[in-house]
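Read through the structure below, which is laid out as structure tokens, and then see the notes.
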Number of protein chains: 2
Amino acid sequence: METAQKILNSAEALIQKHGFSGFSFQDIADEIGIRKASIHYHYPAKADLGRAVIQRYRTRMAEVGNSLDLKEDGLNHWQALALYLEPIVQLGRTPGHACLCGVLGGEYLSLPDAMQAEIAGYFDEQITWLTDLLDSGRAAGAFRFHGSAGEMARLLFGAIEGGLLIKRTTGDIEFIDRILTTAQALLGGEP
Amino acid sequence: METAQKILNSAEALIQKHGFSGFSFQDIADEIGIRKASIHYHYPAKADLGRAVIQRYRTRMAEVGNSLDLKEDGLNHWQALALYLEPIVQLGRTPGHACLCGVLGGEYLSLPDAMQAEIAGYFDEQITWLTDLLDSGRAAGAFRFHGSAGEMARLLFGAIEGGLLIKRTTGDIEFIDRILTTAQALLGGEP
DNA sequence: GTCTATACAAAGATAGAC
DNA sequence: GTCTATCTTTGTATAGAC
């Protein structure tokens with residue numbers, strides 16, 4: 001694997017565990033077996049590395065939703081929702097893991113501008129996608145709920161982000177599953 | 001004011017902005033006008049200060065709910081819920097602010113044990129309290145919702161914690177208000 | 001209780017050899 | 001591309017005078 005990729009992978013895992021100001025180039029160097037000075041060749045400053053990590057994460061997560069074409073794939077809205085939630089369930093079941101951007105939300109105000117922009121973009125993108133799904137799903141008669149789709153999407157996405165942080169402190173491996181089950185019930189799932 | 005109190009106040013604000021590993025004794029010293037060495041007299045190590053900050057926050061927030069005696073104060077469940085949510089609404093409307101424990105959830109895995117215990121205790125306490133309110137409120141006919149009160153409390157509290165983090169990145173001052181309005185509708189508020 | 005002074009480790013980053 | 005070596009700043013923490 002390319003060194004740049006190894007660095008990204010290592011940095012992503014370290015940020016999830018310790019936050020941005022909680023990991024160092026030395027940590028990465030130790031993990032992948034190079035010297036910390038070598039990291040600067042690929043990412044001149046720590047802010048550059050941070051931005052690249054979030055950018056990749058953001059793209060990866062956006063593709064989950066964007067790759068779902070309801071008509072072409074013959075999916076109903078419930079199936080699309082389940083596929084969208086799949087990576088989140090995985091994070092929820094893996095001890096110690098959380099959403100990268102949720103973690104970085106804690107230190108948001110002291111992060112470099114480029115990183116802030118990526119994080120804000122991620123949240124905005126995710127909420128917009130979920131809003132659209134809820135909206136069209138309700139119009140199609142699949143989901144049933146009161147109020148605006150946007151508000152419901154904000155509540156549900158907030159619950160996911162918050163839940164992924166809280167579950168790490170409880171050690172309850174099913175914390176997220178329960179939240180998602182409840183969320184699906186709110187959309188008219190199995191009442 | 002006592003120096004120890006000034007230190008706590010400063011530390012709490014700094015943690016909310018920059019996270020635990022993102023602030024230093026120097027930051028506090030600058031804010032309250034003493035030398036950083038003096039801080040060690042009140043809190044020997046940074047971990048001691050961190051634990052004290054969370055402990056105070058946890059107690060303060062627990063008292064919000066525990067001070068509400070429905071029978072004695074002649075409150076109905078909706079009023080109790082509104083009073084419980086009041087401090088959260090305040091956080092939501094103050095730019096840059098978030099829940100202290102939500103912020104620290106991002107760096108949870110690298111925090112000292114004593115701090116982890118306080119954070120986990122805070123989440124547990126809050127969810128338990130909310131669960132009880134939802135449970136008794138439904139029994140009293142005030143709230144209407146399907147499923148277990150505990151699951152609903154986890155979803156709602158997760159949405160609060162996640163929402164308080166996300167709203168800092170959007171600058172939307174009404175982000176939390178909208179989530180709470182939606183949450184109240186889910187409990188059978190104004191359908 | 002607060003100060004000066006200092007020890008010590010670790011951080012981000014750069015220069016230049018290979 | 002990666003290395004060694006080094007610079008500079010900042011961090012936590014302690015000792016001892018006042």
Value rounded to 0.5 Å, distance of CE in B:Met61 from CD1 in B:Ile88: 5.5 Å

C:dG1 OP1/OP2 closer than 4.0 Å to side-chain N/O of B:Thr3: no

Nearest of [options] to any side-chain atom of [X]?
| X | options | answer |
| --- | --- | --- |
| B:Tyr41 | C:dA13, C:dT2, D:dC3 | C:dT2 |
| A:Ala45 | D:dT4, C:dA13, D:dG11 | C:dA13 |
| A:His40 | C:dG12, D:dT12, D:dA15 | C:dG12 |
| B:Gln26 | D:dA13, C:dA11, D:dG11 | D:dG11 |
| B:Ser24 | C:dG12, D:dG11, C:dT14 | D:dG11 |

Touch class at under 4.0 angstrom, heavy-atom based, for [X] against every strand present:
| X | answer |
| --- | --- |
| A:Phe25 | sugar-phosphate |
| A:Ser38 | base |
| B:Phe23 | sugar-phosphate |

How long is the line joining [atom1] of [X] and [atom2] of [N], in whole Å?
| X | N | atom1 | atom2 | answer |
| --- | --- | --- | --- | --- |
| B:Gln5 | C:dG1 | CD | P | 12 Å |
| B:Ile34 | C:dG1 | CD1 | C1' | 10 Å |
| A:Leu14 | C:dA11 | CG | C1' | 15 Å |
| A:Arg35 | D:dT6 | CZ | P | 14 Å |
| B:Ile28 | D:dT12 | CD1 | C1' | 12 Å |
| B:His42 | D:dT12 | NE2 | C1' | 17 Å |
| A:Lys46 | C:dA13 | NZ | P | 9 Å |
| B:Lys36 | C:dC3 | NZ | P | 13 Å |

Cation-pi geometry met for B:Lys17 and A:Tyr108 (6.0 Å, 45°): no

Sidechain N-carboxylate O distance under 4.0 Å for A:Asp27, A:Lys36: no

Note: B:Arg60-B:Glu12 ion pair, threshold 4.0 Å (strictly below): yes

Parallel, tilted or perpendicular: ring planes of A:His77 versus A:Phe143, cut at 30 and 60 degrees: perpendicular

